[in-house]
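The sequence lines fix the lettering, A, B, ..., with proteins before strands; numbering per chain opens at 1.
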Amino acid sequence: MPELPEVEVTRLSFADRIEGARITGVRLGKPLRWPLGCDPAELVAQKVGAVTRRGKYLWLALERGGLLMHLGMSGSLAFGKPAAPPGPHDHFDLVTGRGTLRLTDPRRFGAVVWSASADSGRAAKLLARLGLEPFDAAFDGAHLHAALRKRKVAVKQALLGGEIVVGAGNIYACEALFDAGIDPRTRSDRISRPRAARLAAAVRSTLARALDLGGSTLRDFRDARGMEGAFQLQARVYGRAGQPCRRCGGTVRRVVQGGRASFFCPGCQRR
DNA sequence: AAGTGGACCTGCTAGC
DNA sequence: TGCTAGCAGGTCCACT
């Protein structure tokens, strides 16, 4: 579910409230993607530091190490005062003096992993392959063009891979390619320099707009305050197969790439 | 080495 | 109404 905008909106909705809070308890539910990697009792009495984001991962700094969190496909975090009794999909509670941070994740593709630091140990291994942050000044047309030229996959897959630029998942990769007028099936090494520049700008503007709108709530995404996103109401192509393109009136198509659905307008997007 | 497909897990929806 | 197949926002890993 959560792509960069949802993760960042989540972060912003609880980071300042949890920072400085003292951990008083930890509750684990069913196993997530990876084991926590430490004795939960070791977390108790530690103070929570800054909450930062790298790609779709959140890093909760603690006094000794920190927690790397990922929301997977169906995860969401809530942070609030009296936490209700855990439901069947609540698999991690970090209880603090200021409230409980709770991970709800029906599919359990998400994770909470302890690491000695963000750039060593388990966190470093998970973050090692990530590409540039989309809002990093270094992510521009030239960088994207050079990176795309080295690969032979479809441009949509190159975006989703996260090794060139992080943050665009299935929704925003489709939307950015629409904005840039590029067919998602175009081979990445056939994207011209000007088109790469348009695509880089489209990735940034798409993610920025989604951030502004609180992300996308397709079914159940909420930020840590329980607020839904509104970007899905503005999607140009994602989830709109068979419907008229909002720009040219043509019919939005759905194809499958790498096992994932891609949506595009054949009239507006060219190879 | 890069590209591809399977794996993980649960819930919801459309169609019979 | 009830069952089933197909689909879903991610990404790691094994295999070619």
Rounding to an integer number of angstrom, what distance separates [N] and [M] when you compare their [atom1] atoms?
N     : M     : atom1 : value
C:dC3 : B:dC9 : P     : 25 Å
C:dC7 : B:dG5 : P     : 16 Å
B:dG3 : C:dG9 : C1'   : 24 Å

Q: Tell me whether A:Phe79 is reachable from A:Leu62 by hopping between hydrophobic residues (I, L, V, M, F, W, Y) whose side-chain heavy atoms are closer than 4.5 Å.
A: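 Yes, A:Leu62 connects to A:Phe79 through the hydrophobic network.
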
Q: Between B:dC9, B:dG3, C:dG9, spot the one nearest the side chain of A:Phe221, thanks.
A: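 Selected nucleotide (nearest to the side chain): C:dG9.
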
Q.
side chain to side chain donor-acceptor pair (under 3.5 Å), that's the test. Do A:Ser120 and A:Ser117 meet it? Break it down for me.
A. CA-CA 5 Å; A:Ser120 72; A:Ser117 82; 2.8 Å; yes

Q | Pair pattern of DNA chain B in dot-bracket, where unpaired bases get dots and | marks partners in another strand, Watson-Crick or G-U under 3.5 angstrom | A | .|||||||.|||||||

Ignoring backbone atoms, establish whether [X] has a side-chain N or O less than 4.0 Å from OP1 or OP2 of [N].
X        : N      : value
A:Arg187 : B:dA2  : no
A:His91  : B:dC9  : no
A:Arg107 : B:dG11 : no

Q | Spacing of CG belonging to A:Leu58 relative to CZ belonging to A:Phe14, to within rounding of 0.5 Å | A |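 Between atom CG of A:Leu58 and atom CZ of A:Phe14 there are 5.5 Å.
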
Q.
What's A:Tyr238 touching, base or sugar-phosphate or nothing? Going by heavy atoms closer than 4.0 Å.
A.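 The residue A:Tyr238 makes sugar-phosphate contact but no base contact.
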
Q. What nucleic acid atoms does A:Phe231 come within less than 4.0 Å of, heavy atoms only: base, sugar-phosphate, or nothing?
A. nothing

